[in-house]
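For reference, the structure is listed below as structure tokens.
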Amino acid sequence: MTMFDDRTVFEKLMGRPLPDYYDTMYLDSYKPWEIVEAAHNSIIKEAKARQAELEPQTPMNVHFQVEVKKQ
């Protein structure tokens, strides 16, 4: 079980996930607001993929060492 649900509020209310946007969605009886939501999701997905490519692939390990000295 995942803690984070990647679906949008729109998808949660509909009860079914939307596919990625494609030009002929209207022919498959998707409503205009569903087409806009699918396009929005596709844009966000592409932006996340581009951002992931730009980020360094190696994780940064940061270690803190705190010393308290009594005077």
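Quantities reported herein were computed from a predicted structural model and do not represent experimental measurements.
Of all non-hydrogen atoms in P19 and A38, the two that sit nearest each other are O-CB, 3.5 Å. Between Y26 and I35, the shortest heavy-atom distance links the atoms N-CD1, 3.8 Å.
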Quiz prompt | Pair N61-H63, side chain to side chain contact (heavy atoms under 4.5 Å, CB included): steps then yes or no | solution = CA-CA 7 Å; N61 294 325; H63 299 282; 4.2 Å; yes
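Listed by chain and residue number, E67 satisfy the side-chain contact (heavy atoms from CB on, under 4.5 Å) test with Q65 (two or more places apart in sequence, or in another chain). Legend: residues meeting side chain to side chain donor-acceptor pair (under 3.5 Å) with D28, ordered by chain and number and at least two apart, are Y22.
For S42 (side chain) and Y21 (main-chain N/O), a donor-acceptor pair under 3.5 Å exists by modelled atom type. At least one donor-acceptor pair under 3.5 Å links the side chain of E34 to the backbone N or O of K31.
With hydrophobic clusters built from ILVMFWY side chains whose heavy atoms lie under 4.5 angstrom apart, L27 shares a cluster with L18.
Interatomic distance, E53 CD to K48 NZ, rounded to the nearest 0.5 Å: 15.0 Å.
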